[in-house]
Amino acid sequence: MSILITLNDIVVSFDGEKILDHIDLDIHDKEFVTLLGPSGCGKTTTLRIIGGFITPDSGTVTFDGKKINQLPPYKRNVNTVFQRYALFPHLNVYENIAFGLRVKKLPEKEISKRVQEMLKLVGLVGFEKRSTARLSGGQQQRVAIARALAIHPKVLLLDEPLGALDLKLRKEMQIELKRIQEQLEITFIYVTHDQEEALTMSDRVVVMNGGKIQQIGSPVDIYNEPVNAFVADFIGESNILSGLMIRDKLVEIGGRQFECVDTGFGENTPVDVVIRPEDIKLVKPEDAQISGVVESVIFKGVHYEMLIDAYDFRWIVHSTQAAEKGSAVGLTFVPYDIHIMHKMPKEEYPLRGIEPASEPEDTEEAK
Amino acid sequence: MKKKLIAAPYLLWMVIFILVPLVMVGYFAFTDENGNFTLDYVANVAQYSQIFVRSIWLALIATVICLIIAYPLAYILIGMNKNAQGTMLMIVMLPMWMNFLLRTYAWMTLLGNNGLINSLLQTIGLGPYKMLNTEGAVVLGMVYNYLPFMILPLYSVMVKIDKSVLEAAADLGCNPRKTMLRVVFPLSLPGVFSGITMVFVPAISTFIISRMLGGGGNLLIGDLIEMQFLGTAYNVNLGAAISLVLMVIVLLMMTIMNQFDVDDDVILM
């Protein structure tokens with residue numbers, strides 16, 4: 001796959017506040033890339049730079065090998081699906097979709113053909129004459145997608161397009177969007193704060209926080225091999241513990257040594273350790289390396305979420321079997337499920353809730 | 001029941017101060033001095049058709065000039081930050097805080113043969129030009145006095161246009177000029193229509209402006225009506241007849257214009 005868009009060392013500040021802090025990103029032809037992060041992480045700003053609505057303070061934006069920093073939106077071969085759709089209220093469904101084609105002065109016959117194609121693509125045949133004010137949120141969304149796709153852009157930018165829809169509709173649209181992208185074979189750049197959405201649809205996920213890219217990778221990579229505590233916490237729930245990498249494939253957590261599969265962290269290096277809640281199995285206390293007391297049990301539909309107090313740490317465990325509150329249980333996990341990450345600088349710890357796990361000194365005392 | 005009770009004072013007000021006067025105008029228009037029914041006065045209005053045409057013409061010109069000045073101004077205004085918008089709006093409204101007569105007198109001293117503008121022109125060897133007592137001066141007076149009534153409705157409609165809609169237009173290939181033409185203008189039409197109404201209606205019936213800035217030669221309908229009630233030509237019946245015809249003309253023009261107006265629900269094109 002060839003590289004279509006390159007962001008090189010992009011910096012953007014508003015009112016002295018750095019929104020994007022030296023962003024480097026390559027986007028390939030025909031891929032579905034998702035920019036994922038909490039609000040204020042700079043994902044929408046990144047999208048707007050590609051769309052041409054923001055000019056970066058420094059750095060270059062390259063499209064198809066040409067620098068396009070100063071190119072206004074109307075000259076770019078990318079189209080946007082806006083967060084709140086931004087349909088033209090004075091035009092009906094047909095004219096909204098035809099808008100870009102009319103601006104291009106295409107012949108009426110071609111316009112009609114393309115609008116019909118688009119209506120079929122998004123499943124709105126028969127809605128041509130409908131006023132956009134009389135459409136549901138999901139239908140407005142489809143018109144916005146059809147309108148952006150009608151002029152056959154090379155890249156479609158989507159800014160949290162499903163944010164205003166209810167859960168069921170959102171899931172349907174996720175599948176629909178993926179289908180459209182594969183059918184048209186164009187690049188989708190998708191912005192969302194919903195990690196599940198990102199994992200469902202993307203070829204690659206770009207996790208952002210504080211104006212910086214934290215990690216770029218396939219959904220599986222991002223989920224299974226988060227590079228730091230932020231990514232681990234943002235992509236699904238995690239147990240993030242402080243540990244000490246004794247040597248390759250051996251890590252010490254809470255004074256106990258565990259086999260793991262990671263290498264290359266050096267010897268006696270403080271690290272963060274991630275263990276996913278669904279990777280932990282509950283067993284009898286005597287059969288496990290770690291034992292603790294069940295603090296709470298919450299029914300989540302598919303599984304139970306349990307908080308288990310063990311070694312001064314509150315472990316989150318997901319299981320289809322509920323343990324009794326207050327009972328003693330043992331926790332086990334296999335080496336493959338222990339993910340080792342470099343420690344994050346303290347000031348970069350995510351704001352939302354997780355404290356830096358306890359310092360390694362504690363573990364040494366426990367020895 | 002309660003709602004009706006609350007509405008009662010307003011209803012009474014409307015009957016006393018709107019309905020009754022209208023009926024009286026109608027009554028006087030169709031009767032003579034002795035109270036007998038006659039169509040003479042309404043028929044006589046025809047002889048003033050020249051004045052009607054001039055009034056409509058000048059009011060139209062003033063309305064169009066107001067629109068030409070106000071439209072870009074409103075468009076520039078909505079692009080400014082909120083504070084600047086507030087300041088600019090206040091400047092627009094500022095002349096309205098001063099008395100209408102005073103403002104018009106001021107123009108007399110500016111435009112006169114020995115007025116400020118001619119004096120300035122003479123110092124650089126030009127003029128004097130006859131500016132006061134011309135149709136141009138009347139139009140200027142109308143534009144100056146009624147411009148805020150064009151700017152405000154335009155601004156209030158345009159400020160509500162979602163910025164992301166303008167971005168969507170740019171995204172779909174519109175340069176700023178095309179965005180203006182294809183999106184901003186159609187969305188601002190309700191403001192255009194109410195602005196036109198707010199300027200045209202007072203402009204067509206004005207009498208002070210034409211008297212002060214137009215001299216005796218540029219009589220407008222407003223002056224004509226005033227003369228029938230207060231002037232030497234005292235003739236209440238004729239005055240009522242002229243008023244009635246003017247009302248019908250304005251109503252007709254508004255109806256025609258409303259044909260172009262659109263509800264939110266109806267699609268343009």
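Naming: A, B, ... by sequence-line order, numbering from 1 per chain. What you see is a predicted model; the values in this text were computed from it and never measured. Computation of the quantities below employed the complete heavy-atom set of this structure, encompassing side-chain atoms and omitting hydrogens, waters and symmetry-equivalent molecules.
Other residues, nucleotides and ligands place more than 12 heavy atoms under 6.0 Å from the NZ atom of B/Lys163. The number of heavy-atom neighbours closer than 6.0 Å to CZ of A/Arg84, taken from other residues, nucleotides and ligands shown, is 12 or below. Applying the 6.0 Å contact sphere to CD of A/Glu17 captures no more than 12 heavy atoms from other residues, nucleotides or ligands.
Only the backbone of A/Leu87 comes within contact range of chain B, with heavy atoms under 4.5 Å apart. For chain B, no part of A/Arg76 is nearby; none of its heavy atoms comes within less than 4.5 Å.
Every side chain to side chain contact (heavy atoms under 4.5 Å, CB included) that B/Asn81 has, sequence neighbours left out, goes to B/Asn83, B/Ala84.
Side-chain atoms of A/His90 come within 3.5 Å of backbone atoms of B/Arg182 as a donor-acceptor pair (strictly under, hydrogens ignored). Between the side chain of A/Asn79 and the backbone N or O of B/Asp171 there is at least one donor-acceptor pair closer than 3.5 Å.
Taking B/Ser164, B/Pro176, B/Cys174 one by one and counting their heavy-atom pairs under 4.5 Å with chain A, the maximum is reached by B/Cys174. Chain A forms the most heavy-atom pairs under 4.5 Å with one residue out of B/Ile161, B/Asn175, B/Leu166, and that residue is B/Asn175.
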I'd like to know whether B/Val183 forms a side-chain contact (heavy atoms from CB on, under 4.5 Å) with A/Phe99, so could you lay out the CA-CA distance, the side-chain angles of the two residues, the decisive distance to 0.1 Å, and finally the verdict.
CA-CA 10 Å; B/Val183 180; A/Phe99 188 91; 3.7 Å; yes
Take B/Leu172 and A/Phe88 through the test side-chain contact (heavy atoms from CB on, under 4.5 Å) and record every step on the way to the result.
CA-CA 12 Å; B/Leu172 293 164; A/Phe88 301 116; 3.9 Å; yes
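Between B/Glu167 and A/Phe82, the closest heavy-atom pair is OE1-CE2, 3.5 Å.
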